[in-house]
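Inspection log for the structure reproduced underneath, given as structure tokens.
Hydrogens, waters and symmetry mates play no part in the numbers below; they use all other heavy atoms, side chains included.
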Amino acid sequence: LARMNGFDIMWKRKRNFVASNHSSAYIKFSEKFSKLPGVIEVDPRISAFQLVQQTAGVISMPFTSTSLVAEAFKKPSVYYDPTLKLYKDDRGAQGVPLISGKAELNEWFQSLGK
């Protein structure tokens with residue numbers, strides 16, 4: 001959806017892989033995902049503060065701090081729930097919008113108005 005709306009994805013994992021801490025399925029997914037067109041894998045050691053300043057908007061896993069960092073820099077920011085299982089009014093969101101599913105994600109991309 002990002003590419004369809006004219007955006008690249010800067011993808012930053014929290015940390016480098018340690019085999020004992022990550023499932024092989026997640027490692028495989030990550031390796032495949034990072035090779036997709038328009039996906040730029042960012043070194044996990046790069047500061048979220050530095051990265052956020054270079055973006056048009058931020059999509060974070062619920063309820064990580066990166067979206068709060070984005071809000072501090074006045075960048076559009078959302079938590080994304082692909083499972084459709086989280087409640088929109090979860091207090092863990094701390095005021096950051098929670099979007100669910102592809103349709104809402106696509107609407108959010110369109111709202112950025114590249």
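Applying the side-chain contact (heavy atoms from CB on, under 4.5 Å) rule to Lys75 yields the partners Val52, Thr55, Ala70, Phe73; only residues at least two apart in sequence or on another chain are considered.
Contact detail for Gly38 and Arg3: the closest heavy-atom pair is CA-NH1, 3.0 Å. For the residue pair Pro62 and Tyr79, the shortest heavy atom distance occurs at CA-CD2, 3.7 Å. Closest heavy-atom contact between Ile40 and Asp8: CD1-CB, 4.2 Å. In terms of heavy-atom proximity, Phe7 sits nearest to Ala56 at CE2-CB, 3.9 Å.
Around the OH atom of Tyr87, the shell of radius 6.0 Å holds no more than 12 heavy atoms that belong to other residues, nucleotides or ligands.
A single hydrophobic cluster is seen to contain both Tyr26 and Val39, as judged by linkage of ILVMFWY side chains at heavy-atom distances under 4.5 Å, directly or through other members. Both Phe109 and Val78 belong to a common hydrophobic cluster when Ile, Leu, Val, Met, Phe, Trp and Tyr are linked at side-chain heavy-atom distances under 4.5 angstrom. Hydrophobic clustering of Ile, Leu, Val, Met, Phe, Trp and Tyr side chains at less than 4.5 Å, counting indirect connections, keeps Met10 apart from Leu112.
A donor-acceptor contact shorter than 3.5 Å links the side chain of Gln53 to the backbone of Phe49. No donor-acceptor pair under 3.5 Å is formed between the side chain of Ser65 and the backbone N or O of Leu68.
Distance CD/Glu107 to CG/Asn5: 11.0 Å, rounded to 0.5 Å. Note that the CG atom of Leu105 and the CG atom of Leu1 stand 5.0 Å from one another [nearest 0.5 Å]. Residue Ile9 holds its CD1 atom at 11.5 Å from OG of Ser34, rounded to the nearest 0.5 Å. For the atom pair CD1 of Ile59 and OG of Ser67, the computed distance is 9.0 Å after rounding to the nearest 0.5 Å. To the nearest 0.5 Å, atoms CD (Glu41) and CG (Leu36) are separated by 11.0 Å. In this structure, the separation between CG on Asp81 and CE on Met61 is 8.5 Å, given to the nearest 0.5 Å.
Between Lys12 and Asp43, no side-chain nitrogen of the basic residue sits less than 4.0 Å from a carboxylate oxygen of the acidic one, so the salt-bridge criterion is not met.
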Apply side chain to side chain contact (heavy atoms under 4.5 Å, CB included) to residues Tyr80 and Ser100 and explain how you reach the verdict. CA-CA 6 Å; Tyr80 179 57; Ser100 303; 6.0 Å; no
Under the side chain to side chain contact (heavy atoms under 4.5 Å, CB included) criterion, do Phe63 and Leu86 qualify, and how do the steps go? CA-CA 11 Å; Phe63 296 103; Leu86 299 176; 4.2 Å; yes
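Applying the salt bridge (Lys or Arg N to Asp or Glu O under 4.0 Å) test to residues at least two apart or on different chains, the pairs with a partner in residues 93-106 are Lys88-Glu104.
In this structure the side chain of Trp108 never reaches within 4.5 angstrom of the side chain of Pro97, judged on heavy atoms. Looking at heavy atoms from C-beta onward, Val42 lies in side-chain contact with Leu51 at the 4.5 angstrom threshold.
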